[in-house]
Amino acid sequence: MPPALPQHCPTPGELDDLELLLNGALAPTRAFNEPGSPVTLTLPPALADAPEVELVDPEGLPLATLTTATGAVAPLSHPEYGPFRRLYLTPAQVRERYAGRTFVPVDDALYDGQLAELAGAGPLVLLALVGHGTPELSAPALLRASLTAAAQLPDAAVVAVPAAAHGDDLLLRVVENYAAGDPVRDAGPADHHSGRIAEIVRHDQPHADHRGLVLFFTGLSGSGKSTLARALMDRILEQTDRRVTSLDGDVVRRHLSAGLTFSKEDRETNIRRIGWVAAEISRHGGIAVCSPIAPFAETREQVRTMVEDAGGAFFLVHVATPLEECERRDRKGLYARARMGEIPEFTGISSPYDEPVDPAVRVDTTGRTIDDALGDVVAALEERGYLHLPRGAAGGDGP
Ligand SMILES: Nc1ncnc2c1ncn2[C@@H]1O[C@H](COP(=O)(O)OS(=O)(=O)O)[C@@H](OP(=O)(O)O)[C@H]1O
Ligand SMILES: Nc1ncnc2c1ncn2[C@@H]1O[C@H](COP(=O)(O)OP(=O)(O)O)[C@@H](O)[C@H]1O
């Protein structure tokens, strides 16, 4: 038996591109990483020298073999799972079933005026552009809304096209490859949604104050992350009906991340685990309050992406208490031990901390009460419409 190829699971956008490369919808582009093409695939450094890599889906199902030198992909199996898989047709299958129809690309639930216009446009194919970063709604919601719209039209079919966001030119090319010379028409101007379609949109896109939310406190040890996070959780539980989960740095390290060290690699693993759990909480509309040091900007950005991909909002709080003050507090005596060389790779002393450049809010707790410092966070949450925590409300300070 030949030795097994190294495996790699591409990002959601890369997986969308892979599907369209294999089914011909991106033609003439047929490979990743062609010069000047936005259809790219990045391999981890460890695989850079492998001549061939097996590309797998998130559950490990082999999808294609990638020849790294050329970016060419050869299919191994078709994706079989996921909601509405039956609607994901290749351009060739669309030809067989729907040749001669008018093609309407949609990246949002159809509006009332659009439905009225399209009702007189003859047999249609609604090409639901569900690729990563493209639709206004989640992919399942766009497909549910498009099927509902199709049922209201005289003769319309729905086809799911995982065209990832790469700009209008590439989307147009994909649409034209599906239409293959049949007419393509725009859905027309947006007005309002009604009935079942409005319900689907409302459930999929709750108002900011009911959307999943990840409140991510980052800062040096002793800066006040846990204290502020705990105080904020209390306020949320006292003053709203939202569900809240705490992912405190120390607590996570006793459970989810037990056994990890403070090496760069292990810290990144720790933060990605926190990010993964927090993203799942946000997917279900909950609030996750995280308070690890999270010293690396790149890993914090990975968490932001995970959360936003899950439909949640990511709110970064930089607890910017300076090192001198953290060291002066030294609640656990760790700074003293780190200075004496007893604790290697201690953040701020012998291990780096990347200052966030664009936090939602920055709070230096030096010389301030906890309530006062928390006020800055509450005000920023209010300003962005994520949470309304009035002072003195139920369970609060009272009048
Ligand atoms: N080498 C080193 N560097 C930094 N911190 C250390 C270290 N060793 C132990 N501790 C204690 O672990 C807590 C930080 O853990 P985190 O999981 O938040 O760190 S990280 O995000 O993975 O970098 C941190 O807790 P907090 O004070 O709550 O931040 C420290 O108490
Ligand atoms: N304004 C403030 N906000 C938060 N913590 C403060 C403030 N002023 C003093 N502190 C003290 O600083 C320490 C911060 O510790 P902690 O919240 O465990 O920090 P971290 O989680 O960042 O390690 C606590 O002893 C807390 O009482």
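In listed order, ligands and their atoms are each counted from 1. All heavy atoms count here, side chains included; hydrogens, waters and symmetry mates do not.
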Using heavy atoms and a threshold below 4.0 Å, how should the contact between [X] and ligand 1 be classified: side chain, backbone, both, or neither?
X: Phe346; result: both
X: Leu334; result: side chain
X: Ile293; result: both

Atom indices of ligand 1, in the order listed, that fall short of 4.0 Å to a heavy atom of [X]:
X: Pro344; answer: 1 (N)
X: Gly222; answer: 27 (O)
X: Ile271; answer: 21 (O)
X: Ile343; answer: 1 (N)
X: Thr347; answer: 3 (N), 4 (C)
X: Pro292; answer: 18 (O), 21 (O)
X: Lys225; answer: 29 (O)
X: Pro295; answer: 21 (O), 23 (O)

*Does some non-hydrogen atom of Arg331 fall short of 4.0 Å from ligand 1?*
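The answer is no: ligand 1 sits nowhere under 4.0 Å from a heavy atom of Arg331.
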*For atom CD of Glu342, decide whether the heavy atoms of other residues, nucleotides or ligands shown that lie under 6.0 angstrom number more than 12.*
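Atom CD in Glu342 is packed in, count exceeds 12.
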*Is the number of heavy atoms from other residues, nucleotides or ligands within 6.0 Å of CZ (Arg272) greater than 12?*
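Buried by this count: over 12 neighbours within 6.0 Å.
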Side-chain ([X]) to main-chain ([Y]) donor-acceptor, under 3.5 angstrom:
X: Asp204; Y: Ser138; value: yes
X: Asp182; Y: Gly100; value: yes
X: Gln239; Y: Pro390; value: yes

Please set out all donor-acceptor pairs under 3.5 angstrom arising from side-chain atoms of residues 308-317, sequence neighbours excluded.
none

_Minimum heavy-atom separation for Val378 and Leu389, please, with both atom names._
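Taking Val378 first and Leu389 second, the nearest heavy atoms are CG1-O, 3.7 Å.
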*Following the transitive rule for hydrophobic clusters with a side-chain heavy-atom cut-off under 4.5 Å over Ile, Leu, Val, Met, Phe, Trp and Tyr, establish whether Val252 and Val277 coincide in one cluster.*
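They do share one cluster, since a chain of ILVMFWY contacts under 4.5 Å joins Val252 to Val277.
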*Is Ser291 in polar range of ligand 1, meaning some N or O pair under 3.5 Å apart?*
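Ser291 vs ligand 1: no N/O contact under 3.5 Å.
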*Is there any N or O on Phe262 that sits under 3.5 Å from an N or O of ligand 1?*
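No; every N/O pair is 3.5 Å or more apart.
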*Contact residues of ligand 2, where a non-hydrogen atom lies under 4.0 Å away*: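 For ligand 2, the contacting residues are Leu220, Ser221, Gly222, Ser223, Gly224, Lys225, Ser226, Thr227, Leu228, Arg329, Arg331, Thr365, Arg368, Thr369, Ile370, Ala373.
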*Of the listed options (Arg300, Glu345, Arg337), which comes nearest to atom 1 (N) of ligand 1 when hydrogens are ignored and any heavy atom counts?*
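It is Glu345 whose heavy atom sits nearest to atom 1 (N) of ligand 1.
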*Just by distance, with hydrogens left out, do Thr90 and Asn23 show a side-chain donor and acceptor under 3.5 Å apart?*
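The answer is no; no qualifying pair exists.
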